[in-house]
Number of protein chains: 4
Amino acid sequence: MSTPRPRRHDPDRRDRIIDACLDVIAEHGVAGTSHRRVAAAADVPLGSMTYHFDGMDALLREAFTRFADQVATLAERRMAAAGSLEEALDAFAANIEEDVFGTQRDLVITHELYTLAARRPEYRDITTAWMARTRATLEPFVDSTTAVLLDAMNEGLSIHRALHQHSPRPGLAREAIARLVRPAL
Amino acid sequence: MSTPRPRRHDPDRRDRIIDACLDVIAEHGVAGTSHRRVAAAADVPLGSMTYHFDGMDALLREAFTRFADQVATLAERRMAAAGSLEEALDAFAANIEEDVFGTQRDLVITHELYTLAARRPEYRDITTAWMARTRATLEPFVDSTTAVLLDAMNEGLSIHRALHQHSPRPGLAREAIARLVRPAL
Amino acid sequence: MSTPRPRRHDPDRRDRIIDACLDVIAEHGVAGTSHRRVAAAADVPLGSMTYHFDGMDALLREAFTRFADQVATLAERRMAAAGSLEEALDAFAANIEEDVFGTQRDLVITHELYTLAARRPEYRDITTAWMARTRATLEPFVDSTTAVLLDAMNEGLSIHRALHQHSPRPGLAREAIARLVRPAL
Amino acid sequence: MSTPRPRRHDPDRRDRIIDACLDVIAEHGVAGTSHRRVAAAADVPLGSMTYHFDGMDALLREAFTRFADQVATLAERRMAAAGSLEEALDAFAANIEEDVFGTQRDLVITHELYTLAARRPEYRDITTAWMARTRATLEPFVDSTTAVLLDAMNEGLSIHRALHQHSPRPGLAREAIARLVRPAL
DNA sequence: AATGAATGAGACTTCATTCAT
DNA sequence: AATGAATGAAGTCTCATTCAT
């Protein structure tokens with residue numbers, strides 16, 4: 001009979017599907033993310049998909065929510081270690097250059113989320129919350145306008161990184177931050 | 001019976017398809033851009049699509065190329081009118097706040113392009129050329145590092161605009177620009 | 001209105017499709033064998049086709065494999081009954097004249113297979129295996145060169161039968177066989 | 001303006017199309033032979049196709065007719081040089097082994113024709129005439145039954161050649177012919 | 001006489017979802 | 001609770017043919 005898929009009792013299958021969904025998004029874009037592909041990536045029967053999730057949209061929401069949370073958490077940890085303005089700005093620069101968009105995968109997923117949110121307001125709670133957390137990590141150290149500008153620069157530089165062949169010159173992020181944070185005269 | 005489509009001889013049909021494609025992208029995203037939808041939007045028979053374009057990809061390329069060119073041209077015109085550093089920076093701020101992402105439509109299309117380019121290198125020539133033109137408008141006035149940072153801020157602020165419910169406070173772009181342009185001491 | 005197809009649970013649907021495929025090949029040729037036609041012939045929804053088979057090619061392979069197997073099995077049975085050289089050669093002649101290409105349908109399908117295999121090597125395992133089985137039925141009775149020649153004559157006469165208006169004169173196959181089998185001097 | 005295809009006045013364009021059609025048949029089979037592909041292969045505008053030929057069928061008929069004529073003519077020339085039975089049989093063997101199916105291209109086209117004729121009687125005049133010419137080359141030397149059998153063996157051996165990986169052992173055709181031609185006792 | 005443009009039919013395939021088991 | 005089978009809609013693309021020029 002050739003072992004007919006013995007699975008059964010597979011907790012964290014739901015989790016696995018969400019992770020697989022992010023992989024598929026990174027590879028094929030939201031456009032190319034189908035139940036079939038995610039099921040294959042998660043090694044889960046197709047019928048499982050609509051059993052666990054109400055539809056593609058529900059799955060996308062969960063996937064992007066998890067992604068944003070993971071990235072934001074990492075950023076928070078980095079920033080939490082900073083004891084001074086100087087250290088905070090260094091940490092923020094490191095975030096830009098290393099963590100957040102360190103991998104092409106994360107960068108692609110981020111853009112897929114932005115694009116989805118740009119067109120469909122119902123996804124904006126995810127991006128809004130994410131950006132709020134990012135700014136919150138800065139607010140112990142700088143005023144609110146500066147925090148907004150630093151976050152904008154964060155986005156801007158990572159777009160450049162995504163869309164250029166050659167990497168930006170090292171230190172660019174730190175330089176941008178230095179200019180944006182006006183020294184008290 | 002609804003006139004059985006007598007058309008024939010329809011010059012600039014190709015052009016019309018490209019414009020319709022941008023409309024469809026704005027409304028449904030690249031994900032939702034199908035031959036059918038574009039054909040309907042351009043009021044053209046379905047068979048026309050693959051007659052004029054080698055496939056969806058070729059059409060997307062042409063559409064995004066046209067879009068980027070239009071937006072860049074507009075920016076160039078604005079900047080060309082500037083006679084001093086001050087005027088140039090004002091114009092650049094106006095670009096950010098009014099033109100480029102003045103409409104939700106343009107903003108959505110821009111993000112769709114960025115997302116596509118992030119995942120698929122073969123679209124990056126479009127974004128690279130666009131950014132180069134944007135930077136070139138600045139370079140009569142500021143050094144090259146500053147130009148890069150201003151362009152990054154341009155992107156960053158427009159992302160924020162795209163992804164937030166409430167508009168940013170007026171003057172934010174101008175403030176950001178002022179901080180990034182180092183005054184000659 | 002016409003009952004909206006309540007089907008569901010239709011085991012051996014896969015089998016039915018394969019049989020229908022052979023019918024379609026016989027009527028329209030491989031050239032004219034489309035998912036649509038086979039689906040209609042098997043009374044199965046179009047979507048069923050690519051659900052059960054990876055594509056037209058996979059379906060053709062299965063269909064031709066089944067066909068070759070059926071024909072070869074029939075030939076083997078006939079030959080197995082032979083107890084002497086004489087009986088074996090009579091049986092082989094009967095094969096040529098009656099069974100194998102007895103019907104126009106089988107003959108057409110055979111040629112479609114040959115043609116496909118001539119152009120595309122990946123189908124040659126089917127024809128090679130079929131011919132090997134045919135020769136194997138002869139080898140208890142004649143040497144290997146003679147077996148090859150008898151098989152070739154088998155093919156040659158059936159081509160003639162396929163491509164001529166008038167049937168060949170009866171007994172021609174038996175005569176050919178007699179000449180090819182060298183009497184031990 | 002980039003030379004807008006200066007053609008005009010292109011005699012033997014019709015001829016060129018027919019030859020191109022045979023090339024396309026060899027590569028893609030009758031199934032894959034479309035106006036478009038033939039037009040491309042002949043470097044002729046698409047509109048030219050239905051201008052010169054009444055449809056695919058008319059073109060196929062002309063192409064196969066030309067092909068059969070060429071092959072038959074070659075065989076006739078070879079046989080015409082024979083002065084004795086021995087020489088004639090040698091020439092016939094050479095035909096089988098070298099000319100007729102010397103190239104995979106010719107072999108494939110031949111099978112495409114046979115298959116078409118097997119299913120559609122209106123093509124059988126081509127095959128019937130071809131075979132008649134082949135037999136006619138033999139009839140100065142052997143009786144009519146023998147001529148039929150030799151021709152059948154011709155077909156049979158070439159099928160084997162088409163459908164096997166390894167070439168048949170050299171001399172097989174000559175051996176087959178020797179057996180079929182009964183020595184006058 | 002010749003052809004580029006046009007188009008509706010139909011090819012294969014992928015899909016989200018439903019449902020009997 | 002879980003899933004393999006099923007299916008109609010819609011996707012992209014190719015095609016033979018028509019027709020205005």
Side-chain angles (χ1 to χ4, degrees), chain A residues 4-5 7-11 13 28 31-40 44-59, chain B residues 4-11 13-14 31-39 44-59, chain C residues 4-11 13-14 31-39 44-59, chain D residues 4-5 7-11 13 28 31-40 44-59:
Chain A
R5 224 195 251 259
R7 206 152 323 255
R8 298 286 156 158
H9 202 57
D10 175 7
R13 161 177 295 192
H28 300 281
T33 298
S34 68
H35 280 166
R36 281 180 149 68
R37 278 213 252 250
V38 176
V44 145
L46 178 57
S48 223
M49 298 299 299
T50 42
Y51 179 76
H52 286 292
F53 299 90
D54 275 347
M56 200 66 246
D57 249 51
L59 175 54
Chain B
R5 222 192 256 268
R7 204 152 321 248
R8 295 285 163 160
H9 197 54
D10 173 10
R13 162 178 294 194
R14 213 170 168 285
T33 298
S34 69
H35 281 168
R36 274 180 153 74
R37 277 212 252 248
V38 176
V44 145
L46 182 55
S48 230
M49 299 300 298
T50 43
Y51 175 75
H52 285 291
F53 300 90
D54 276 348
M56 199 67 246
D57 249 51
L59 175 54
Chain C
R5 221 192 255 268
R7 204 153 318 250
R8 296 285 162 161
H9 197 55
D10 173 9
R13 161 177 296 195
R14 215 171 167 284
T33 298
S34 69
H35 279 168
R36 275 179 154 73
R37 278 212 252 249
V38 176
V44 146
L46 181 55
S48 229
M49 298 300 299
T50 42
Y51 175 76
H52 285 291
F53 300 90
D54 276 348
M56 199 66 244
D57 249 50
L59 175 55
Chain D
R5 225 194 250 259
R7 203 147 328 251
R8 301 283 156 162
H9 202 57
D10 175 7
R13 161 177 298 191
H28 299 282
T33 299
S34 69
H35 280 166
R36 281 179 150 68
R37 278 212 252 251
V38 177
V44 144
L46 178 56
S48 223
M49 298 299 298
T50 42
Y51 178 76
H52 286 292
F53 299 91
D54 275 347
M56 200 66 243
D57 249 50
L59 175 54

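Quick caveat: nothing in here was measured; it's all calculated off a predicted structure. So you know, we letter chains A, B, ... as the sequences are listed, proteins then strands, and number each from 1.
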Original post:
Reckon His52(D) has a side-chain N or O less than 4.0 Å from the OP1 or OP2 of dA1(E)?
Top reply: no
Original post:
Is the shortest side-chain N/O distance from His35(D) to OP1 or OP2 of dT14(F) below 4.0 Å?
Top reply: no
Subject >> Pair assignment for dC12(E), Watson-Crick or G-U wobble, requiring both distances under 3.5 Å >> reply: dG11(F)
Subject >> Closest approach of His35(C) to Gly55(C) (non-hydrogen atoms, all atoms of both residues) >> reply: NE2-C, 4.0 Å
**OP:** Go ahead and name the base partner of dA1(F); Watson-Crick or wobble counts if both distances stay under 3.5 Å, otherwise write none.
**Re:** none
Original post:
If you look at every strand shown and take non-hydrogen atoms under 4.0 Å, does Ser48(A) touch a base, only sugar-phosphate, or nothing?
Top reply: sugar-phosphate
Subject >> Any-strand Watson-Crick or G-U partner of dA16(F), both distances under 3.5 Å >> reply: dT7(E)
**OP:** Write down the distance between CG (Leu59(C)) and C1' (dT13(E)), rounded to a whole number of angstrom.
**Re:** 14 Å
**OP:** Find the distance between CE (Met56(B)) and OG1 (Thr50(B)) and round it off to the nearest 0.5 Å.
**Re:** 11.0 Å
Original post:
Which whole-number value in Å describes the distance from Met49(B) CE to dG10(E) C1'?
Top reply: 18 Å
**OP:** Check the distance between dT14(F)'s P and His28(D)'s NE2 and give it to me in whole angstrom.
**Re:** 13 Å
Original post:
Where each residue is assigned the nucleotide of DNA chain F containing its nearest heavy atom, which of Tyr51(C) and Arg37(B) is assigned the position nearer the 5′ end?
Top reply: Tyr51(C)
Original post:
For Leu46(B) and dC13(F), what is the distance between atoms CG and C1' respectively, to the nearest whole Å?
Top reply: 9 Å
Original post:
Counting only side-chain N and O atoms of Arg13(C), is one of them less than 4.0 Å from OP1 or OP2 of dT7(F)?
Top reply: yes
Original post:
Distance from Phe53(C) atom CZ to Leu59(C) atom CG, nearest 0.5 Å?
Top reply: 5.0 Å
Original post:
Within the structure shown, what part of the strands sits under 4.0 Å from Ser34(B) by heavy-atom distance: base, sugar-phosphate, or nothing?
Top reply: sugar-phosphate
Subject >> Side-chain touch Arg13(A)/Pro45(A), heavy atoms, less than 4.5 angstrom >> reply: yes
Original post:
Nearest nucleotide by nearest heavy atom, which residue falls closer to the 5' end of DNA chain F, Arg36(A) or Met56(D)?
Top reply: Arg36(A)
Subject >> Interatomic distance, Met49(A) atom CE to Arg36(A) atom CZ [nearest 0.5 angstrom] >> reply: 11.0 Å
